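So the structure is just underneath, and the comments pick up after that.
In the text below, chain A, chain B and the rest are named by the order of the sequence lines, each starting its count at 1. What you see is a predicted model, and the numbers here were worked out from it, not measured in a lab.
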Amino acid sequence: MTWTLFALQALNGVQFGLILFLIAAGLTLVFGVMDFINLAHGVQYMVGAYLTAAFAAWTGSFGTALLLALPSALAFGLLLEALVFRHLYDRDHLDQVLATFGIIIFLNEAVRVVWGAAPLGVPVPDILSGSIPIGGLNYPVYRLAIIAAGLGVAGLLYGIVGHTRIGMLVRAGATNAPMVSALGVNIRLLFTVVFGFGAMLAGFAGAMVAPILSVEPGMGDNVLILAFVVIVIGGIGSVRGAFLGAILVGLVDTLGRFFAPTLLRFVLDPSAASQTGRAIAPMLIYILMAATLFVKPSGLFPAKR
Amino acid sequence: MTEPLLRLEGLSKSYGALRVTDDVSLDLRPGELHAVIGPNGAGKTTLVHQISGLARSDRGRVLFAGRDVTRLSMAERVRLGLARSFQIISVLPAFTALENVAVAVQARSGSSFRFLRPARRDDALNAPALALLERFGLAHRAGVPAALLSYGEKRQLELAVALATAPSLLILDEPLAGTSHDESRGVVEILRALKGEITILLIEHDMEAVFALADRVSVLVYGKVVATGDPATIRADPQVRAAYLGEEAA
Amino acid sequence: MAAATPAIRSPTASPRDWLVPLVLFALLAAVPLLAKLGPEGFILSLMTRVVVVALAAMSLDLLIGYGGLVSFGHAAFLGIGAYAVGILSSHGIEEAGPQLAAAIGGSVLFALASGVIALRTQGVYFIMITLAFGQMLFFLATALSGYGGDDGMTLPGRSLLFDRPWLKGDAALYWVSLAVLGAAYLGLRRVTASRFGRVLRGLKENEIRMEAVGFEAFRYRLVAYALAGAVAGVAGFLLANLSGFVSPAVMSWQRSGDLIFVVVLGGLGSLHGAILGAAAFLLAEEVLSHYLEHWRLVFGPLLVLAVLFARGGLVGIGRGRGA
């Protein structure tokens with residue numbers, strides 16, 4: 001029974017990790033290729049969720065909403081890039097942090113103005129609404145669908161980054177950006193493509209979680225910080241690092257929250273164990289990150305040389 | 001025979017598959033000016049990084065004044081008296097020329113965990129710093145931010161900074177690179193004056209300067225020392241001529 | 001040759017270096033008097049906030065402006081200071097002395113522990129790891145169910161000085177805060193000009209150059225990190241006394257972002273810029289939120305515009321024309 005519980009929690013962890021990966025992939029590429037630290041990447045996720053909620057309410061179909069939300073998220077990302085971000089590529093990290101922080105403040109409020117402060121819900125699409133029994137417990141099909149979608153995107157990214165010309169340029173850019181522009185590649189165009197793609201992935205993550213989380217202002221902020229933890233653990237600029245880091249963070253966070261209080265019961269009395277466990281669990285991933293950086297100050301798979 | 005001041009034992013360093021220095025062994029006698037020459041890409045700067053501690057060696061040992069310093073950081077080696085200059089100019093651009101030198105004086109005189117007395121008005125730091133600037137003919141530029149100095153002046157400032165750490169061994173990585181004819185003559189004069197006072201390891205492309213100054217010369221080709229000897233011997237060595245000087249002789 | 005005689009003694013000293021801070025402190029000292037002309041309690045409380053935020057931002061300026069260390073977790077120290085007050089007073093220790101000792105001690109300990117790891121990293125990794133350490137403390141605070149958890153806790157009253165409620169009056173708290181700010185300003189000014197400060201500034205300029213003359217970057221940065229943390233911890237102590245309430249929100253990452261903004265807005269590497277930045281930031285927030293329900297719609301873009309167009313901060317505005 002506990003093993004089943006463990007397996008289900010592990011599935012939840014993987015599912016959470018894959019969502020983090022969708023966000024972290026764009027973040028790490030944008031950072032690796034453009035040396036641009038984009039705090040506003042989290043709002044792309046929020047915008048993706050809101051667009052999906054809005055389109056779902058309008059069309060009544062999650063599938064249609066998803067199909068509409070993806071290009072909209074892409075367009076929105078490109079708009080932000082053209083309006084603000086492209087003026088920041090040459091600035092230092094401090095300026096980038098501040099300006100994108102300003103965008104977060106603005107968009108969190110804008111969302112509140114347009115859709116209100118109350119959380120929105122999106123119904124789970126009918127075909128994916130059931131649950132299937134795993135070892136005597138029921139597991140929602142929709143979460144399995146998220147896992148499948150996440151793995152699919154990860155495979156797609158792996159193919160693109162590893163085996164196409166643009167992927168080669170992206171990898172080269174993450175290792176040595178000046179060299180890529182010296183090759184005569186239109187680096188601005190490459191930036192825009194990478195940026196738009198990253199924004200769409202984050203939007204996709206937002207769309208996928210819309211039916212299982214509440215869609216509300218500020219929902220991107222905490223996810224953003226987790227995505228940072230992911231790419232720092234994985235090594236900035238590395239998609240492979242982002243994938244492993246994301247799964248690791250997803251598992252540690254989910255399993256930690258679930259099992260820390262239980263495990264502590266071996267050494268503490270129940271109430272103390274539950275309290276300490278709940279205090280320690282949210283800190284686990286940060287401890288993981290600190291430990292990783294203590295051993296490898298540039299993360300597990302540093303792309304830069 | 002006296003104990004060498006610096007001894008390199010089988011130093012090697014690779015970047016990926018590229019072996020930049022390969023089993024370099026070298027002895028520096030106290031007081032000599034030892035030049036290392038070699039074609040571009042011979043691994044000279046990497047060797048300087050390994051000796052000074054900026055780069056870790058994959059293999060081999062660095063012994064300084066009889067002590068194994070291979071695992072020490074650059075800062076620790078400097079405090080033992082092993083100073084270096086950089087091939088690419090390295091100064092503190094917003095600091096004045098005087099402050100650039102004074103901060104180096106500060107590094108060797110007492111703790112820098114002093115929080116209250118203004119460092120700028122500390123004559124114990126300024127006086128030796130100004131004396132060094134005078135030696136390099138930079139005293140009249142003492143109050144100028146280093147960023148505003150000319151290229152040659154920055155080179156001289158770098159030498160002054162290195163000397164301010166009171167080194168017993170000074171490693172100079174191409175101190176003449178990019179200087180004008182007059183400036184480079186000035187630097188050569190300074191090196192001639194320093195000779196005998198402290199031990200110098202000179203990396204340099206300017207053959208005229210090398211053969212005029214050096215007591216001994218080592219030739220580095222593809223990360224390996226192919227010959228060491230006094231300037232006349234090196235000039236005559238057929239292997240060296242073929243590998244390196246040959247470019248000029250041809 | 002005569003004209004080139006080196007200005008050995010503080011070549012960049014100008015009256016301006018003293019004039020602007022002097023005027024700023026004079027204005028702050030006039031606040032309690034001026035406050036009597038308007039809604040006194042409101043003005044005093046707002047201006048105390050300005051002073052306290054300026055204190056925290058000034059300590060951050062030591063890191064960013066002088067040390068080149070962009071810390072994105074500075075609000076954590078505000079939190080440590082505030083929780084030192086909250087936790088101790090919930091156990092009946094309302095005396096300022098032990099509370100301050102806990103605020104400073106806790107901040108220094110946290111700075112040393114997190115700094116040992118964070119300062120091994122560079123650039124953007126440093127930004128993110130300080131952010132992560134800040135979040136770690138934030139979540140720890142939300143989990144402290146004995147001390148209010150998510151919701152925070154209300155303090156029984158302001159801290160006592162020698163068993164007496166000296167800080168009870170709004171004006172008294174303001175004066176104490178202002179005195180602390182003044183002391184911190186003078187202290188940090190000396191520190192940045194000292195041997196230590198020179199090493200810190202040198203490391204910002206060119207780390208390898210400094211190591212090549214014999215300075216170990218890590219030690220000096222760690223001490224600076226601890227010093228800045230201690231000052232921000234004191235700011236946290238004052239903040240808790242001001243609001244009479246302590247919650248994890250004081251150390252949310254947005255607060256850390258605000259602090260960076262305040263320092264940059266005021267002008268990096270000047271110390272008194274933090275005061276200008278805090279005043280401009282809090283007053284703008286106050287005015288905007290008074291007239292607009294969704295003032296953040298204006299505030300966010302203002303931030304972006306400030307970054308894109310107003311380089312050098314408020315301190316630099318007069319300087320550019322004057323020179």
Between CG of B/Leu92 and CG of C/Leu203, what distance do you get to the nearest 0.5 Å? 9.0 Å
Can you list the residues of residues 207-226 of chain C that sit under 4.5 Å from chain B, counting heavy atoms only? C/Ile208, C/Arg209, C/Met210, C/Glu211, C/Ala212, C/Val213, C/Gly214, C/Phe215, C/Glu216, C/Arg219, C/Tyr220, C/Val223
When rounded to the nearest 0.5 angstrom, what distance separates CZ in B/Phe113 from CZ in C/Phe196? 6.5 Å
Check whether B/Ala102 gets within reach of chain C through its side chain, its backbone, both or neither, counting any heavy atom under 4.5 Å. both
Within 6.0 angstrom of C/Arg120 CZ, more than 12 heavy atoms from elsewhere: yes
Tell me, for B/Leu133 versus chain C, whether the close heavy atoms (under 4.5 Å) come from the side chain, the backbone, both or neither. neither
Which region of B/Ser52, side chain (C-beta onward) or backbone (N, CA, C, O), has a non-hydrogen atom less than 4.5 Å from a non-hydrogen atom of chain C, or is it both or neither? neither
Go through it in stages, so that I can follow the logic: the residues are C/Arg201 and B/Glu99, the test is side chain to side chain contact (heavy atoms under 4.5 Å, CB included), and I'd like the CA-CA distance, side-chain angles, deciding distance and then a yes or no. CA-CA 11 Å; C/Arg201 284 181 286 129; B/Glu99 265 204 293; 4.2 Å; yes
In terms of heavy-atom pairs under 4.5 Å, which option from C/Gly197, C/Gly202, C/Gly187 contacts chain B the most? C/Gly202
Would you mind reporting whether B/Pro118 and C/Arg190 have side-chain heavy atoms less than 4.5 Å apart? yes
Measuring heavy-atom distances to chain C, does B/Val91 have an atom under 4.5 Å in its side chain, in its backbone, in both, or in neither? backbone
Largest heavy-atom contact set with chain C, pairs under 4.5 Å, which of B/Ala94, B/Ala129, B/Gly53: B/Ala94
Between B/Ser111, B/Ala162, B/Ala164, the one whose heavy-atom pairs under 4.5 Å with chain C are most numerous: B/Ser111
Atom CD of C/Glu205 and atom CZ of B/Phe95: how far apart are they, to the nearest 0.5 Å? 5.5 Å
Atom pair CZ/CG of B/Phe86 and C/Asn206 - distance to nearest 0.5 Å: 7.5 Å
Residue part contacting chain C, namely of B/Ala83, when any heavy atom lies under 4.5 Å: neither
Counting only heavy atoms not in B/Ile88, do more than 12 sit closer than 6.0 Å to its CD1 atom? no
So does B/Ser112 get a backbone contact from the side chain of C/Arg195, meaning a donor-acceptor N/O pair under 3.5 Å? no
If you tally heavy-atom pairs under 4.5 Å against chain C, which of B/Val103, B/Thr165, B/Leu80, B/Asn100 wins? B/Val103
Can you say whether B/Arg114 sits under 4.5 Å from chain C via the side chain, the backbone, both, or neither, judging by heavy atoms? both
